[in-house]
Amino acid sequence: MDNTNDQTIVRKEKLKNLAEKGVDTYPASYENRMQAELALKVDEGERVRVAGRIMSRRLMGKASFAHLQDDSGKIQIYIKKDLVGEEKFSLYKTELDIGDFIGAEGQMFTTRTGEKTLQVSDFTFLSKSLRPLPEKWHGLRDIELRYRKRYLDLIVNEESTAILKGRSKIIASVRRLLEERGYTEVETPILQDIFGGAAARPFITHHNLYNIDLYMRIAPELYLKRLLVGGWERVYEIGRNFRNEGLSKKHNPEFTMLEVYCAYTDYKYMMELSKEIVLSAHNELKKEFTPEIDLTKGWQEKNLWDLISEYSGLSFDPDDSIEELRKKADALKVPSGKDSAAKIIDRVFSAFVEEKLIQPTFVTGYLAKDSPLAKSSSKDLRFAERFELFIGGQEIGNSYSEQNDPEIQRKMFELQVQSSDDGEFSDKIDTDYLEALEHGMPPASGLGIGIDRLAMQVTGASSIREVILFPMLKPSAWDYAF
RNA sequence: GGGCCAGUAGCUCAGUAGGCAGAGCAACGCCCUUUUAAGGCGUGGGUCGAAGGUUCAAAUCCUUCCUGGCUCACCA
């Protein structure tokens, strides 16, 4: 949409005027400037130099106050005609707009109302905003516009910036923690010939030269475990996974996953590590955000079957036949259709239990047959050595002792291929992965944590779209018309 | 895909017994040298999401469509 209007026409005119008056309208730099946050700590009378976007302006004949915003915050500047001179002041008055970038230098002083302010002795025009900013008081409220025009959201909505920068800080803290623990960060293929490592429908793309379809990865798991075979004992990857599924408050088709693998440990180790990761993320942001959930306490471990029995009011048992499960699901008004046992359990869990798991909860007791990449418990072969971590009624992580027996792994893959009727498993078996296992993989545990969801919990964001800079939106005619 | 709600100026929003489209911010002009949602006086700005219908007359009622949000379904 070409929303050219009287305001952009006026602003373009001003840009022209600036150039005609000999102003460099797009200078390349403004050196030695101080960030607003720091400038505000400078003593009165000291000289400072700042740069930023004009966010507001109060003009009074021969003087003016304005706020400049930079990456660190806002600082008020005071421009007086008798200090900057007639010509500069007139330039400021007639050719500058809210939204423009300027650099300013002068002395710090404190106003009558007590705000530390830069009294400008000279300023430099840095860049023009040809379009008006959203309204200064209400900001940009329209949710669609906030996501589509995220840059505007970031300019005017402090909360958005806090959440999204918070996300970056969380990722940095995770990297720091894993670095300290001796982990190596790696990158594995996103374009894959065979997709695996999770149950999900993939995106399909195409390679021209080889003339083959490739899949965007749904998980990096199988590649990371090849590294364990290769002798790397502690590895992790933070990267994008792609799942061709619905969008919701909790789902974006591309999302960021942390996967960690550690040789010579089992899933119990990963319980500890995942707790450390969550707490380190929380610790990183606790000054800015106080989540409703106190993440520092109430961590517990609960059995899947106990949970669904308790919250649904019907007794569920791992040995229930599919008929019994259907009957119970019907009684609970949970649609079961032709679903597998695992899917019915999952539905009941989603309907009755998930939203109740507010405090951090490690759910254990998952069936081995529903956990194709996990090792079975040596105590009871029916169960996998596995947990999922729930916080705030949401799944945050998934972990297990990794299956390293190539024969069992082959059988599990074969079962998957057979049962795949809706495209959520590849119809090809990753034989190279099996070959890798045949070379021997040390016992190891693995952990996956959804970074977006972790960020939601720690920042208190109610939608995954709030923690993703540019969430997926339906393409609109809008985007093409510019 | 189903249900509910919404779309009016650049932004935030008012506006139904159907009767000349409004406010605040932003913009433009004038005044104003400690303001901070600055203030005062004045001015311009609209395909009321789109198309069709009912009507003397539609932002308003009807139909269809588009876009979005919430929700359900789908989905580690």
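Sequence lines set the chain letters: A, B, ... in the order given, protein chains first and strands last, and positions in each chain run from 1. Predicted, not measured: the structure shown is a model, and the values here were computed from it.
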Discussion item. Between A:Asp43 and A:Met108, is the side-chain contact (heavy atoms from CB on, under 4.5 Å) condition met? List the steps.
Written reply: CA-CA 7 Å; A:Asp43 289 335; A:Met108 294 304 295; over 6 Å; no

Worksheet item: Starting at the 5' end of RNA chain B, which residue's closest nucleotide do you reach first, A:Glu135 or A:His67?
Response: A:Glu135

Discussion item. Only pairs with both distances under 3.5 Å count, Watson-Crick or wobble alike; so what is the partner of B:A37 in this structure?
Written reply: none

Worksheet item: Quantified in whole Å, what is the P atom distance between nucleotide B:A26 and nucleotide B:A58?
Response: 36 Å

Practice prompt. Sort out the partner of B:U55 for me: Watson-Crick or G-U wobble, both distances under 3.5 Å, none otherwise.
Written response: none

Worksheet item: Mind checking the P distance from B:U60 to B:G19? Whole angstroms is fine.
Response: 11 Å

Worksheet item: What's the closest nucleotide to the A:Leu140 side chain, out of B:G68, B:C11, B:A27?
Response: B:C11

Discussion item. Distance check, P atoms only: B:G52 and B:C11, in whole angstrom units.
Written reply: 26 Å

Worksheet item: What is the nucleic acid contact for A:Glu245, judged by heavy atoms within less than 4.0 Å: base, sugar-phosphate only, or nothing?
Response: sugar-phosphate

Worksheet entry | Heavy-atom donor-acceptor pair, A:Thr111 side chain to A:Glu115 backbone, under 3.5 Å | yes

Worksheet item: Distance check: side-chain N/O of A:Arg131 vs OP1/OP2 of B:A26, anything under 4.0 Å?
Response: no

Discussion item. For a quick check of understanding: with a heavy-atom distance under 4.0 Å over all strands, which category does A:Ala199 fall into, base, sugar-phosphate or nothing?
Written reply: sugar-phosphate

Item to complete: Output yes when at least one side-chain N/O atom of A:Lys14 is less than 4.0 Å from OP1 or OP2 of B:C28, else no.
Response: yes

Worksheet item: Is there a donor and acceptor pair closer than 3.5 Å between the side chain of A:His138 and the base of B:C11?
Response: no

Item to complete: Determine the Euclidean distance between corresponding C1' atoms of B:U34 and B:G39; express it in Å to zero decimal places.
Response: 14 Å

Practice prompt. Just say parallel, tilted or perpendicular for the rings of A:Phe362 and A:Phe387, cut-offs at 30° and 60°.
Written response: perpendicular

Worksheet entry | Donor-acceptor pair under 3.5 Å, A:Glu144 side chain vs B:U67 base | no

Fill in: Lys/Arg cation over aromatic A:Tyr433: A:Lys225, 6.0 Å, 45° cone
no

Worksheet item: Taking the C1' atom of each, how far is B:A37 from B:G44, in whole Å?
Response: 23 Å

Worksheet item: If only side-chain N and O atoms of A:Arg347 are considered, is one of them under 4.0 Å from the OP1 or OP2 phosphate oxygen of B:C74?
Response: yes

Fill in: Pi-cation contact, A:Tyr223 with A:Arg226 (under 6.0 Å, within 45°)
yes

Item to complete: Between B:A59 and B:G42, how far apart are the C1' atoms? Round to whole Å, please.
Response: 29 Å

Worksheet item: Does the ring of A:Phe89 carry A:Lys62 above it, NZ/CZ under 6.0 angstrom from centre and within 45° of its axis?
Response: no

Worksheet item: When rounded to the nearest Å, what value does the distance between C1' atoms of B:U47 and B:A21 take?
Response: 13 Å

Worksheet item: What does A:Arg465 touch in the nucleic acid at a heavy-atom separation under 4.0 angstrom: a base, only the sugar-phosphate, or nothing?
Response: sugar-phosphate

Practice prompt. Please work out if A:Gly139 contacts a base, only the sugar-phosphate, or nothing of the nucleic acid, heavy-atom cut-off 4.0 Å.
Written response: sugar-phosphate

Fill in: B:U55 and B:C61, which share atom name C1', separated by this distance in whole Å
10 Å

Fill in: Among B:A26, B:U12, B:G69, the nucleotide that comes nearest once only the side chain of A:Arg141 is considered
B:U12

Worksheet, complete the sentence: Output for pair (A:Met456 CE, A:Ile391 CD1), nearest 0.5 Å, gives 12.0 Å

Taking N or O atoms only and anything under 3.5 Å, show me the protein contacts with nucleotides 30-34 of chain B, one pair per line.
{"residue": "B:C32", "atom": "N3", "partner": "A:Leu59", "partner atom": "O", "Å": "3.4"}
{"residue": "B:C32", "atom": "N3", "partner": "A:Gly61", "partner atom": "N", "Å": "3.2"}
{"residue": "B:C32", "atom": "N4", "partner": "A:Gly61", "partner atom": "N", "Å": "3.2"}
{"residue": "B:U33", "atom": "OP2", "partner": "A:Lys62", "partner atom": "N", "Å": "3.3"}
{"residue": "B:U33", "atom": "O2", "partner": "A:Tyr78", "partner atom": "OH", "Å": "3.4"}
{"residue": "B:U33", "atom": "N3", "partner": "A:Asp82", "partner atom": "OD2", "Å": "3.3"}
{"residue": "B:U33", "atom": "O4", "partner": "A:Asp82", "partner atom": "OD2", "Å": "2.8"}
{"residue": "B:U34", "atom": "O2'", "partner": "A:Arg112", "partner atom": "NE", "Å": "2.7"}
{"residue": "B:U34", "atom": "O2'", "partner": "A:Arg112", "partner atom": "NH1", "Å": "3.0"}
{"residue": "B:U34", "atom": "O2'", "partner": "A:Arg112", "partner atom": "NH2", "Å": "3.2"}
{"residue": "B:U34", "atom": "O2", "partner": "A:Arg112", "partner atom": "N", "Å": "2.8"}

Fill in: Pair A:Arg47-A:Ser121, side-chain donor/acceptor within less than 3.5 Å
yes

Practice prompt. Using only side-chain N and O atoms of A:Lys249, determine if any of them is under 4.0 Å from OP1 or OP2 of B:G69.
Written response: no

